[in-house]
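For reference, the structure discussed in these notes is given below.
Counting starts at 1 for both ligands and their atoms, following the listed order.
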Amino acid sequence: MGQKRARDPKAQVAEANKRKKAVKSDAGSSEDHGSIAVDDLNWKEVAMPDRMEDAEGFFGLEEIEGVEIIKQGDGGVHFKAKSGKPTQSILKPRSEDDGDEWNGFSDEDSSEKSTATEKTPAQTEVKEDKKSKKDKKKEQNKAKKEDQKSKEQKPKASKPAQGQSIKAGLGFAALDDIEEDDSVDVSAWDGLNLSPEIFTALSKMKFSSPSAIQKASIPAILDGHDVVGKASTGSGKTLAFGIPIIEHYLDKRGKQEEQSDQAEKNKAPIALILSPTRELAHQLGKHIGELIANSPDTNARIALITGGMSIQKQQRQLATADIVVGTPGRVWEILSTGTGLIRKMQKIQFLVVDEADRLLSEGHFKEMEDILNALDKKQAGDIADMDQEEEEERSPRQTLVFSATFHKDLQQKLAGKSRWSGDDMLDNKASMEYLLKKLNFHEEKPRFIDVNPESQMAIGLKEGIVECPAMEKDLYLYSVLLYYPKNRTLVFTNSISAVRRITQLLQALQLPVFALHSNMAQKARLRSIERFSSPTANPSSILVATDVAARGLDIKGVNCVIHYHVPRTADAYVHRSGRTARAGESGKSILICAPDEVVGVARLAGKIHAKKARKADDPEGPSKKIPLESLDIDRRVVARLRPRMGLAKKITDSTIAKEKVNTEDNWLRSAAEDLGVEYDSDEFDQSKGRGRGRGGGRERREKEASETSKSEMAGLRAELKQLLSQRVNIGVSEKYLTAGRIDIDALLRGEGNDAFLGHLDPLTF
Ligand SMILES: Nc1ncnc2c1ncn2[C@@H]1O[C@H](COP(=O)(O)OP(=O)(O)OP(=O)(O)O)[C@@H](O)[C@H]1O
């Protein structure tokens, strides 16, 4: 049996300090007797679920095999290799200079300093490991050479990152596993004046060159400008502001002496990043966390402040955070608790408004306004309290606004100068205008960086449209899903009830499907995204979502986006479609469209592609064509899938109706109880039926569906199961396989579409 231990960096440092003293006093003796201290063992990290946010204080688990425990007189324990195993087999590998810890050049007496910053042997090793890798990279990377020189003269603190919620790759074992050749040449980033730490991180993250928005925004932000950045979906906007924030952190840290615990407690965050959804906030934190985790000796702490998580924990994280990422509602909830947090937040160097058009124009309006007002409002006693030197040193707060959808006139609007001109993508001009004034840029003219003025759509994106009868959208959705097996697909709808229904429907059809909408508990939301996006997930996974998933979510390997409902606005279409074809990949976006929706779609597509269409035809004239490819679903497919869909619908409708009746019934029963009257469901149903006009039919259908008996349901399920166990035959005689234009070789190679029997022209566009 392997031994396990919980891994808590904080506790480890304290424990290691104690142990080190003990080890020094009996140095040399322990290994002589084959007994080994806990920290000298070659612990292996146990893989944990990605998200452990609420597991207070529990950072991880490590295990070791082949050891025996030796109890000591003082109650302590040591370990030795199991009989028959060499001691070396359980010992942690040592680096050459393991004995002496390298603390960098310092004027301070190292013995004094060591009490505060002494590392566990494991940490020392990691540090040395990171350094030697960096040295190797130095040889490879010409641009890093000069910067490295100055870095080596600068001692840098390497404290454990306590309270950091989402720093990726903290595990020592994970670091040990890093291959020497896992880095890439990052010389393309040379011109951006980045520090060696960031170069190392970019190299490890395999980002060989900056994206256009990064190339344009990073220097402007590093130069202290306010920036409004516009770039297509999936083009790397997060690091366009994330890198300068970390650069600022590194710069500030370089200038500071080792901070006392008190100073550490009082420190203010350097950045507040606001995002419209919880999922996006998590993702932003994770992405910037990865940058931090891959930057050597960089321990910037991120506090994630979103709804659905423990408020107390978030308050604690906020107290020591360098970067705050959150949704406006929860950020305001915490700031307004009146515990001095507003004053702290007023010292931030960067205010980032991600997905700005949404954040500034929809439901977050009120909280955004409160936060912005609070950041700018002078607090009573500010002048007296303000540390004069600190205030003088501090440069004005930079405001960074990013999105894929903005109007070109935004710069004018941001400066509050002129009226909106021409057509725009935004829903609510008035609220936008109001909030743009509110953003309080420190520069009169923020830098407006629009790296792809031609289109907000990603280059690798193909757009198609499937026309179908209004009542058959489910059938056509199912058909498209079967046409594209092994595609990770996001299906967007316009309502929560549609998400629920479609998810159940596709589940009944045995497809690997997950749901995401804002009425779900936060944990369930994160679980859905995680299951859908996990590299080990079924490659045909489907996520059915409302527009809560439309903005910013960066899920690897989404090949297809389906709009089950036509999006309400052009920018919603851009952002939904932007969940695929990210970071230079290709992808497809397919609208399922009823005849009466076609006109709306034409208008929508016209707005989005106005420029492209004009350019191709007549550069000056209005756009004519819908640039969406019309996709023809083979009628045989639709016909053959209809029976399955009929059964799946009956099962789903009945399940949903039963749930609804139960909920209603429970509610009425408890309301009757509260009122002290008796509740008779039949009597209530009869009275409900009386005098009803519209909607009565639906209610009757629901009631009928809810009355499907258990045995009827079992019958339906069995019938559907039987149908689903067979491939959909689209014109093959099962007796004579070769008669149906089957590519037997392809089938044997495991290619082709497993769902169908017979030849099917693929839906390529
Ligand atoms: N320089 C780079 N080289 C390669 N990949 C990159 C680079 N920068 C970022 N990426 C990757 O590109 C993907 C998209 O980045 P990001 O989420 O920042 O896009 P975005 O522009 O914010 O998209 P959206 O508008 O949808 O929010 C991420 O997976 C990220 O890891």
Under 4.0 Å from any heavy atom of [X], which atoms of ligand 1 are there?
X: K556; result: 29 (O)
X: R579; result: 26 (O)
X: T238; result: 16 (P), 17 (O), 18 (O), 22 (O)
X: G234; result: 14 (C), 19 (O), 20 (P), 21 (O), 23 (O), 24 (P), 25 (O), 26 (O)
X: S211; result: 1 (N)
X: S235; result: 19 (O), 20 (P), 21 (O)
X: E355; result: 24 (P), 25 (O), 27 (O)

Check: L280 main-chain N/O paired with T277 side-chain donor or acceptor under 3.5 Å:
yes
Check whether any side-chain N or O of T580 sits under 3.5 Å from a backbone N or O of V558 as a donor-acceptor pair, and report yes or no.
yes
Test: R525 and E279 ion pair at under 4.0 Å:
yes
Decide whether a cation-pi geometry holds between K588 and Y484; the criteria are a distance under 6.0 Å from NZ or CZ to the six-membered ring centre and an angle within 45° of the ring axis.
yes
Distance check, rounded to the nearest 0.5 Å: [X] atom [atom1] versus [Y] atom [atom2]?
X: M205; Y: L291; atom1: CE; atom2: CG; value: 5.5 Å
X: T298; Y: I246; atom1: OG1; atom2: CD1; value: 7.5 Å
X: T327; Y: E333; atom1: OG1; atom2: CD; value: 9.5 Å

Heavy atoms only: which of A231, G236, S209, S208 is nearest to atom 1 (N) of ligand 1?
S209
What protein heavy atom sits nearest [atom], and how far away is it?
atom: atom 12 (O) of ligand 1; answer: A583 CB, 3.3 Å
atom: atom 28 (C) of ligand 1; answer: D554 OD2, 3.0 Å
atom: atom 9 (C) of ligand 1; answer: Q214 NE2, 3.6 Å
atom: atom 10 (N) of ligand 1; answer: F207 CZ, 3.7 Å
atom: atom 25 (O) of ligand 1; answer: K237 NZ, 2.6 Å

Take the angle between the ring planes of H248 and F350 and call it parallel below 30°, perpendicular above 60°, tilted in between.
perpendicular
Between H563 and S589, do the side chains contain a donor N or O and an acceptor N or O under 3.5 Å apart?
yes
What part of [X] sits under 4.0 Å from ligand 1 if we count only heavy atoms: the side chain, the backbone, both or neither?
X: R582; result: side chain
X: R551; result: neither
X: W189; result: side chain

Among I449, V451, L222, find the one that has a side chain to side chain contact (heavy atoms under 4.5 Å, CB included) with S217.
I449
For residues Q214 and W189, determine if any side-chain heavy atom of one lies less than 4.5 Å from a side-chain heavy atom of the other.
yes
Going by heavy atoms, is H287 under 4.0 Å from ligand 1?
yes
